[in-house]
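Please read these numbers as outputs of a predicted model, since none were measured by experiment. Chain naming here is simple, since letters A, B, ... match the order of the sequence lines and numbering starts at 1 in each.
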Amino acid sequence: MTVRTRFAPSPTGYLHIGGARTALFNYLFARHNRGQFVLRIEDTDAARSTGESLNAILEGMLWLDLKWDEGPYYQSKRLGLYREAAAQLLEKNLAYRCWCAPEELEERRKLALKENRPPRYDGRCRTRPAQPAQPFAVRFRVPPGKTFFNDMIKGGISFEHAELEDLVLLRSDSTPTYNLCVVVDDAAMRITHVIRGDDHIANTPKQILLYEALGGTVPSFAHLPMILGSDKTRLSKRHGATSVMAYKEMGYLPHALVNYLARLGWSSGDEEIFGMNELIEKFSLENVGKSSGVFNPEKLLWLNHHYIKTTPAGELKPLLLQHLKTLGVDAARDERCEAIISTLRERAKTLKEMAEASLFYFREKISYEEKAAKKFLTHEILEPLKLLSKKLKKVEPFSEDNVKKAFDEVLEETGLKLGELAQPVRVALTGGTVSPGIFEMIAALGKEKTIERIEESLTPAAAWSSPRPGKEE
RNA sequence: GGUCCCAUCGUCUAGAGGCCCAGGACGCGGCCCUCUCAAGGCCAAAACACGGGUUCGAAUCCCGUUGGGACCGCCA
């Protein structure tokens, strides 16, 4: 039997970290077993479902490269199926009509909670005579007994039916509810493995009972542990960004998130770095842990940096371009991009950081940080800078090695140490004291801009080099 | 309140009775390298929640305690 998994989000918000991991594990399990991965949109709550959310979820999955084989299926387009199933259950007396008013139910629940009683429906309509002309909901008649299932992650779990309430299958407006839809669809779509968050454990016995009532094959279940925030409560906006797409905006590589999410709850020995194919090859539910995990942004950041360091510059370029664009720089036609990326990848943990750090390469005019200029653009350095400029003009090709040679000559002739020359040059070229290695940076900046900026620095250098009090030469 | 789930360094985890006075990774601290910042290399601190069993032997199995979490909707 081919393995079929599904990811079934409800379009009531963006794709969040937890949902993304559920989707990923379903994807990996299906791929690993050469099965199919189905996408189903659970939009039976018309009031809360939006097209915007739907797009956000699809966008998130595509960004993470979690491609589905089938769907998306929309539950809102399958309402007839669910009603049919409910009618069938009604017919077999496995379900019954309930005339209780929702408000009344709500009141009873609140009262029960207040009195510390289980807030469960008491089943009073099981035996109630028909109330013609009254709107009714359809409830499942939970049979007596006990349900056991063997969770692929958590192991054996069983529930006494006495703990289950007669759940609503069809609302009084005849729209179906979650548990019914899930079971009907998972059966119809021949889902073999239901992999979802462990907040669904309590739903599982109800769903198993429904499968049995409807004569469907019960799939295998695997309940993933929750992802928690730093305070060990369920991950939410309070803990920072939870939207997958927010990570794109922050300059994360999609695969860094995938790798991080995979390792949150799953492991393969001591390994930390996994490409997508490697994940597919190595993923198995046996290696998924049972306990919930805390989302650790620092580790994600480390992974992101790892992938920034190892992804070819050519692949990084279009991504960097996007971030530069939001900073108002259009570098699409700039041929230096790949060289620039190479100088920055070791020191930028996100693409956003890289874009910001690369700004000096693209600016027409740079401005000096006051402190930096004051400290390094001094009288004494004027001549060496002139000399350097002169030497650099002759450098051809303008490669890192050749630039270094020009520097060596200047150092030789002036007796300066590299540090004494490099920092002023750095300020002259970038405006600040922090940048990539001086030679690689100069080569990436390009001959024209380098010489232009050094010469430009010669003027203000004289003006700003007023010696500090007591240090008069 | 009831039911269910979970429990190894701060965090993610390895560990499927002896290989473990517990290994890796992130982060943190130190040192080295060094033209700045990084990156890199090396070193260090840091955990089997507790109590009972079972066993020649337990982080690993069982029970209990404690602590965390989830669920208890005509939401999904």
Classify [X] by what it touches in the nucleic acid, base, sugar-phosphate, or nothing, heavy-atom distance under 4.0 Å.
| X | result |
| --- | --- |
| L418(A) | base |
| K114(A) | nothing |
| T175(A) | nothing |
| E271(A) | nothing |
| D199(A) | sugar-phosphate |

Heavy-atom neighbours of K309(A) NZ exceed 12 at 6.0 Å:
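Above 12, so yes.
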Table of protein N/O atoms under 3.5 Å from nucleotides 40-43 of chain B N/O atoms:
residue : atom : partner : partner atom : Å
G40(B)  : OP1  : K309(A) : NZ           : 2.9

Can you sort out the partners of F25(A) under ring pair (Phe, Tyr, Trp, His ring centres under 6.0 Å), two or more places apart, ordered by chain and number?
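F25(A) satisfies ring pair (Phe, Tyr, Trp, His ring centres under 6.0 Å) with F283(A) once adjacent residues are dropped.
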Just to verify, what does Y14(A) make a ring pair (Phe, Tyr, Trp, His ring centres under 6.0 Å) with, not counting sequence neighbours?
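Scan of Y14(A) (ring pair (Phe, Tyr, Trp, His ring centres under 6.0 Å), adjacent residues dropped) gives none.
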Can a donor-acceptor pair be found between the side chains of D45(A) and Y178(A) at a distance below 3.5 Å?
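Not at all, the side chains of D45(A) and Y178(A) share no donor-acceptor pair under 3.5 Å.
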For residues R171(A) and T175(A), is any side-chain donor paired with an opposing acceptor at under 3.5 Å?
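On atom types as modelled, these side chains qualify, holding a pair under 3.5 Å.
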Would you say the ring centers of H193(A) and F29(A) fall short of 6.0 Å from each other?
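That pair passes the under 6.0 Å test.
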Record whether the side chain of [X] comes under 3.5 Å of the base of [N] through a donor-acceptor pair of N or O atoms.
| X | N | answer |
| --- | --- | --- |
| R347(A) | C37(B) | yes |
| E106(A) | G73(B) | no |
| S172(A) | C74(B) | yes |

Does anything in [range] reach RNA chain B, meaning a heavy atom under 4.0 Å, and if so which residues?
| range | result |
| --- | --- |
| residues 425-438 of chain A | R426(A), T433(A), V434(A), S435(A), P436(A), G437(A), I438(A) |
| residues 257-269 of chain A | R263(A), L264(A), G265(A), S267(A), G269(A) |
| residues 353-362 of chain A | none |

Please name the residue in the list T147(A), N179(A), D186(A) that meets the side chain to side chain donor-acceptor pair (under 3.5 Å) test with Q207(A).
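Running side chain to side chain donor-acceptor pair (under 3.5 Å) over T147(A), N179(A), D186(A) with Q207(A) returns exactly one hit, N179(A).
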Could you check whether any side-chain heavy atom of T233(A) comes within less than 4.5 Å of a side-chain heavy atom of H239(A), counting everything from C-beta outward?
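SC-SC contact between T233(A) and H239(A) confirmed.
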Checking the side chain of R120(A) only, and the main-chain atoms of A162(A) only, is there a donor and an acceptor separated by less than 3.5 Å?
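Yes, the answer is positive, given that a donor and an acceptor are paired below the 3.5 Å cut-off.
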Between CE of M441(A) and CD of E400(A), what distance do you get to the nearest 0.5 Å?
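Nearest 0.5 Å value for the CE-CD distance: 11.5 Å.
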So which atom in C98(A) and which in R139(A) form the shortest heavy-atom distance, rounded to 0.1 Å?
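Where C98(A) meets R139(A) most closely, the heavy atoms are SG-NE, 3.3 Å.
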Measure from CZ on R139(A) to C1' on G73(B) and round the result to the nearest Å.
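Result: 10 Å.
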Look at the rings of Y247(A) and Y252(A) and say which category their plane angle falls in: under 30° parallel, 30 to 60° tilted, over 60° perpendicular.
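Perpendicular: the ring planes of Y247(A) and Y252(A) meet at over 60°.
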Comparing A348(A) and E298(A) on RNA chain B - which has the more 5′ nearest nucleotide
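The residue whose closest nucleotide sits nearer the 5' end is E298(A).
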